[in-house]
Amino acid sequence: MAKRPREDVTEELFAFLTNNLDTYVERLSEFVAIPSVSAEADRRPECVRAVEWYKSWCEKLGGHTQMRPNPLKTQQMGSETVELPPILLAEFGGDPKLPTLLVYGHLDVQPAALSDGWNTEPFVLTEKAGLMYGRGSTDDKGPVCAWLWVIEAHKKLDKPLPVNIRLIAEAMEESGSIGLSELVRELAFPGGYLDPKVIDHICISDNYYVGNKPCLTHGLRGNCYFEINVRCSTSDLHSGVFGGSIHEAMTDLVKIMSTLIDSSGKILIEGLEKDVAPLGEGEIEALEAMDFDLDTYKSEVGVRGVSDKLLFEGDKAKTLMSRWRYPTCSLHGIEGAFDGPGAKTVIPRNVTGKFSIRLVPNMEPDKVKECVEKYVKKEWAKLHSPNPMTIEMTKGSFPWYRDPNADNFLAARRATMRVHGVEPQLTREGGSIPITLELEAVTGAVCVMFPIGASDDMAHAQNEKLGRANYLNGMKCLGAYVHELAALTPNT
């Protein structure tokens, strides 16, 4: 069927967004000021406040909203039982003749304090030289706000949205998206919010450029998180009085964790990498052609002036492959050990070592769990320690990989060309967003990862920021994207 000509409103849309950028920055500042740290029990009410803030904007813009209680209701955080924040659903448009886009984003943030090494107050959006510093600015409050202002711009210009939009916004992503999978499955039925016959495309903007060029992401690594616990006593002990007379838990734990990976980055767990997908034809050549500068990357990751070295010094393809398409093992910390300033000569009674494995195609969490547990128990037996040891996988998610030639990606590529004048790089990402697979599974739609943040935005780290230009161009890209999606579908 031939398509009727569509009105191209993107230039008018771009001009409106540009003229109102100061207003959008002010609103983002208001949102960043809500310290919605889901990992801290005393800030859980702020997570609820963030959901309510976003809900109020959706309603101002004419969206139909639902605040759905989290299916799991509460979470145990240490000795405290904490309520889980609600999950927001917001729908814009319901024309059955239009394609429907599902958008996911999160409203919670990582912990942050000035004492962590921030140069500015983390919950006060502070602009310097066109860069907006603040916790959540790029992860993910800036991107989720960008969607609102795109919707508002259409409304102010009296231009109908060219697609129906259904939003899912949660405030527990930084703490494992607890309860979200359960709700997603509840909503996926005929006539439901995630009716597979209604949802045509999915978009998530919760990742970042690689290098300086805009990109679209078609692969994510999965993640298996492990905890090894070792106990040696019923109480902490004075090292001067009791040291040398008992089997110390910390000694055992550090020894075991040192067997997982060597200083060159090689994973020592036998059999872990046997299911990794082989290199495809032309894959290395594509990586070599990426806009990715190793010297710039050294500054971005903070090794400049420290070690000045990367694991694969001078090799761009190997560096990118180690981030995207090969598994990694990272040691994260030891709970129960002394980590404050000064000296404390204590033997901890109970310590828990935490580490994770990033998964790539064709690895599976259950197989990784089996492999890691078998290896750790074998290494533990070599110590001949009488201390009790347990190992547990606390979460596990699959990797995600999609064909970047799918229609959804085609629309995003065309939108990027309109805004930036260049083809986006087609990249993979080392991080994990488990809900991506879940949303695809229940709807049958393909998801595009459409980043607006820069490669050096320092999400999760000190001095997280989002550039004004990225914020504006991100809005323009998302605005153009919905029109390109509509152009994929013949008019009726």
Side-chain angles (χ1 to χ4, degrees), residues 54 87-90 92 99-109 136 138-148 150-151 163-174 176-177 180-181 183-184 187-188 193-194 199-210 214-223 324 397-404 406-413 415-416 424-453 457 459-460 466 470-471 474-475 477-482 484-485:
Y54 201 77
I87 298 165
L88 176 65
L89 311 180
F92 298 86
T100 297
L101 171 67
L102 175 64
V103 174
Y104 162 83
H106 68 89
L107 315 177
D108 61 322
V109 299
T138 196
D139 182 22
D140 189 29
K141 290 182 174 180
V144 295
C145 280
W147 278 109
L148 293 178
V150 166
I151 293 167
V163 300
N164 304 312
I165 295 177
R166 294 188 179 185
L167 283 163
I168 297 179
E170 65 158 330
M172 282 296 294
E173 192 272 347
E174 300 291 7
S177 293
L180 182 59
S181 292
L183 179 62
V184 163
L187 298 172
Y193 194 76
L194 297 180
I199 304 299
D200 299 292
H201 309 284
I202 306 170
C203 183
I204 298 175
S205 184
D206 189 21
N207 63 312
Y208 314 95
Y209 290 1
V210 173
C215 65
L216 300 174
T217 302
H218 62 99
L220 298 168
R221 292 194 290 191
N223 188 23
W324 297 349
S397 62
F398 282 85
W400 171 78
Y401 181 85
R402 288 296 171 266
D403 179 1
D407 282 351
N408 198 3
F409 282 88
L410 178 61
R413 289 167 71 174
T416 303
Q425 300 192 105
L426 300 175
T427 66
R428 292 160 72 169
E429 182 77 50
S432 306
I433 307 176
I435 199 60
T436 308
L437 281 165
E438 193 81 48
L439 292 173
E440 286 191 335
V442 300
T443 64
V446 170
C447 179
V448 63
M449 304 292 298
F450 205 152
I452 69 174
D457 274 355
H460 289 210
L466 176 66
N470 285 81
Y471 192 32
M475 291 180 231
C477 280
L478 297 179
Y481 166 63
V482 294
E484 293 292 348
L485 280 180

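The analysis underlying the following values was restricted to heavy atoms, covering all of them including side chains, and did not include hydrogens, waters or symmetry mates.
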Is any side-chain heavy atom of [X] less than 4.5 Å from a side-chain heavy atom of [Y]?
X      : Y      : result
Met475 : Trp147 : no
Leu180 : Glu173 : no
Phe450 : Thr217 : no
Leu102 : Leu167 : no
Leu101 : Asn164 : no
Ile87  : Met172 : no
Val103 : Ile168 : no
Val150 : Tyr481 : no

Note to self: Is it true that His460 and Asp139 share a donor-acceptor pair across their side chains at a distance under 3.5 Å?
What the structure shows: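 Short answer, yes.
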Restricting to non-hydrogen atoms, name the atom on [X] and the atom on [Y] that form the minimum distance, rounded to 0.1 Å.
X      : Y      : result
Val144 : Leu107 : CG2-CD2, 3.9 Å
Pro404 : Phe409 : O-CB, 3.1 Å
Glu484 : Ala411 : CB-O, 3.5 Å
Ser181 : Glu438 : OG-OE1, 3.4 Å
Val442 : Ala188 : CB-CB, 3.5 Å
Ala146 : Leu478 : CB-CD1, 4.0 Å

Item checked: Ring-face cation contact, Tyr193 with Arg166, 6.0 Å cut, 45° max ->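 Judged by the rule (NZ or CZ under 6.0 Å from the ring centre, within 45° of its axis), Arg166 counts as positioned above Tyr193.
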Between the main-chain N or O of [Y] and the side-chain N or O of [X], is there a donor-acceptor pair closer than 3.5 Å?
X      : Y      : result
Arg428 : Gly219 : no
Glu429 : Asn207 : no
Asp140 : Gly105 : no
Asn223 : Ser432 : no

Item checked: Residues Asp457, Thr138; criterion side chain to side chain donor-acceptor pair (under 3.5 Å); working and verdict -> CA-CA 7 Å; Asp457 274 355; Thr138 196; 2.8 Å; yes
Margin query: Taking the basic N atoms (NZ, or NE/NH1/NH2) and the acidic carboxylate oxygens, is any pair closer than 4.0 Å for Glu440 and Arg402?
Written below: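 So Glu440 pairs with Arg402 through a salt bridge.
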Margin query: Consider side-chain contact (heavy atoms from CB on, under 4.5 Å). Of Ser177, Ser205, Cys447, Cys203, which one does Tyr104 pass it with?
Written below: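 Output: one option passes, namely Ser177.
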